[in-house]
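Working notes for the structure below.
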Amino acid sequence: GVWRQTRALLFKNCLIKCRTKKSSVQEVLFPLFFLFWLILMSMMHPHRKYDEVDNINLGTLDTSMLVDFVIGYTPPTRMAREIMKKVAFDNFEDGSLITEEYLSEEELQEASALKTSKFVGVVFKDAMSYQLRFPDSVVMSSIYTESR
């Protein structure tokens, strides 16, 4: 019954493999080649691992450099207002940090072109991501950095 059918199927498969040696060798060598290629690529571009940084007290923030500093932000949502209010009043009790809201990113860019070099724009993309806009460049913020 079952043993005779299994033995006949195994014998048939062995005959096919012996008659088609080229495809049989390819079935074995191609995966090995691709495995070697992946290992070689991972060795050429190794992952960088950074050591842990100890928690240290950095001291107080020197607010003398940030007098009349302006932070513009867009879009003016409730969440963005709360975040900017927290930034302005938790670190700068004397009100030396000025926050301004803009209706669109274009208005923010126009304001950064007209303001002095003490202007930084914050564009909130969603609840968890934002972009910082300096007068001449854009800096992406991310917890996870990618290799470029």
Side-chain angles (χ1 to χ4, degrees), residues 6 9-93 95-148:
T6 306
L9 187 60
L10 233 111
F11 182 69
K12 178 187 138 197
N13 286 339
C14 286
L15 279 178
I16 291 172
K17 292 297 179 187
C18 289
R19 290 180 184 164
T20 57
K21 287 182 171 69
K22 184 179 177 182
S23 66
S24 299
V25 168
Q26 287 176 348
E27 284 180 14
V28 172
L29 291 182
F30 275 163
L32 291 175
F33 169 73
F34 287 124
L35 180 66
F36 172 74
W37 184 71
L38 284 172
I39 290 170
L40 183 67
M41 292 303 288
S42 69
M43 287 171 50
M44 289 175 61
H45 301 287
H47 294 287
R48 292 186 183 145
K49 295 192 179 193
Y50 298 102
D51 292 333
E52 236 179 71
V53 177
D54 294 332
N55 288 335
I56 57 172
N57 186 3
L58 297 176
T60 59
L61 179 65
D62 182 18
T63 57
S64 63
M65 295 174 43
L66 302 176
V67 174
D68 298 329
F69 198 79
V70 179
I71 298 180
Y73 64 94
T74 188
T77 61
R78 183 183 61 80
M79 179 207 58
R81 285 186 188 106
E82 287 177 13
I83 291 172
M84 296 311 292
K85 185 172 148 184
K86 190 165 189 66
V87 167
F89 293 111
D90 284 0
N91 297 316
F92 306 92
E93 293 85 13
S96 62
L97 183 71
I98 303 166
T99 58
E100 297 176 353
E101 64 182 46
Y102 295 94
L103 297 176
S104 67
E105 200 169 338
E106 290 78 24
E107 285 184 24
L108 182 72
Q109 288 175 348
E110 289 173 12
S112 71
L114 297 174
K115 304 271 182 182
T116 63
S117 62
K118 291 189 172 192
F119 183 86
V120 173
V122 180
V123 179
F124 291 97
K125 296 297 180 184
D126 56 31
M128 298 302 290
S129 65
Y130 60 91
Q131 283 184 336
L132 296 178
R133 296 203 176 263
F134 296 96
D136 57 353
S137 65
V138 177
V139 177
M140 297 291 292
S141 70
S142 175
I143 294 173
Y144 303 103
T145 58
E146 300 172 354
S147 61
R148 297 179 185 207

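Environment of NZ in Lys125: crowded, with over 12 heavy atoms of neighbouring residues, nucleotides or ligands closer than 6.0 Å.
Residues Phe119 and Leu108 have side chains in contact (heavy-atom distance under 4.5 Å, counting atoms from C-beta outward). You'll find the side chain of Phe124 reaches within 4.5 Å of the side chain of Ile83, heavy atoms only. Counting heavy atoms from C-beta outward, Arg133 and Glu105 have side chains that approach closer than 4.5 Å. Using a 4.5 Å heavy-atom cutoff, the side chains of Val120 and Val70 are not in contact.
Note: Thr74 OG1 to Gln131 CD = 12.0 Å, rounded to the nearest 0.5 Å. The distance from atom CG of Leu40 to atom CG of Leu35, rounded to the nearest 0.5 Å, is 11.0 Å. The structure places OG1 of Thr99 at 14.5 Å from NZ of Lys86, a figure rounded to the nearest 0.5 Å.
Counting all heavy atoms, side chain and backbone alike, Arg81 lies closest to Tyr73 at CG-OH, 3.5 Å. Heavy-atom minimum distance, Met84 versus Ile71: CE-CG2, 3.1 Å. In this structure, Val122 and Leu132 approach most closely via the heavy-atom pair CG2-CD2, 3.8 Å. In terms of heavy-atom proximity, Ala80 sits nearest to Pro75 at CB-O, 3.5 Å.
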Steps toward salt bridge (Lys or Arg N to Asp or Glu O under 4.0 Å) verdict (Glu82, Arg78): CA-CA 6 Å; Glu82 287 177 13; Arg78 183 183 61 80; 2.7 Å; yes
